[in-house]
Peer 1: 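Please find one structure pasted underneath; my questions will follow.
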Amino acid sequence: MPETDWSRLIPKPRSKFLLVVCNECNNKQVVFDSAKIEVKCNVCGAPIAYPSGGKAIITGKIVEAYE
Ligand SMILES: [Zn+2]
């Protein structure tokens, strides 16, 4: 039985830009999903994404993703 080439089956993680809505003021903002620094809302300053090693933790609501 031939060995399965998992690297072909599992898509490589690719970075995306996410359109995130701030929980506090509903401002829409584009956030890099692998952000290395805390991202704050441009309008009210509430944190909307935290770095977590790999992918950022998005605290707001993701409404769209751009590859
Ligand atoms: Zn805000």
Peer 1: Side-chain donor-acceptor contacts of residues 56-67 below 3.5 Å, not counting sequence neighbours, with atom names and distances?
Peer 2:
| unit_1 | atom_1 | unit_2 | atom_2 | d |
| --- | --- | --- | --- | --- |
| Thr59 | OG1 | Pro47 | O | 3.0 |
| Thr59 | OG1 | Ile48 | O | 3.1 |

Peer 1: Tell me every residue that passes side chain to side chain contact (heavy atoms under 4.5 Å, CB included) with Asn27, counting only those two or more places apart in sequence or in another chain.
Peer 2: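 If we apply the side chain to side chain contact (heavy atoms under 4.5 Å, CB included) test to Asn27, skipping adjacent residues, the hits are Cys22, Cys25, Gln29, Cys41, Asn42, Val43.
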Peer 1: Using the test ring pair (Phe, Tyr, Trp, His ring centres under 6.0 Å), find all partners of Phe32 that sit at least two apart in sequence or belong to another chain.
Peer 2: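 Counting only residues at least two positions away or on another chain, Phe32 forms a ring pair (Phe, Tyr, Trp, His ring centres under 6.0 Å) with Phe17.
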Peer 1: Can you pull the side chain to side chain donor-acceptor pair (under 3.5 Å) pairs that have at least one residue in residues 30-39, sequence neighbours excluded?
Peer 2: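 Checked against side chain to side chain donor-acceptor pair (under 3.5 Å) - neighbours excluded - the pairs reaching residues 30-39 are Ser15-Ser34, Asp33-Lys55.
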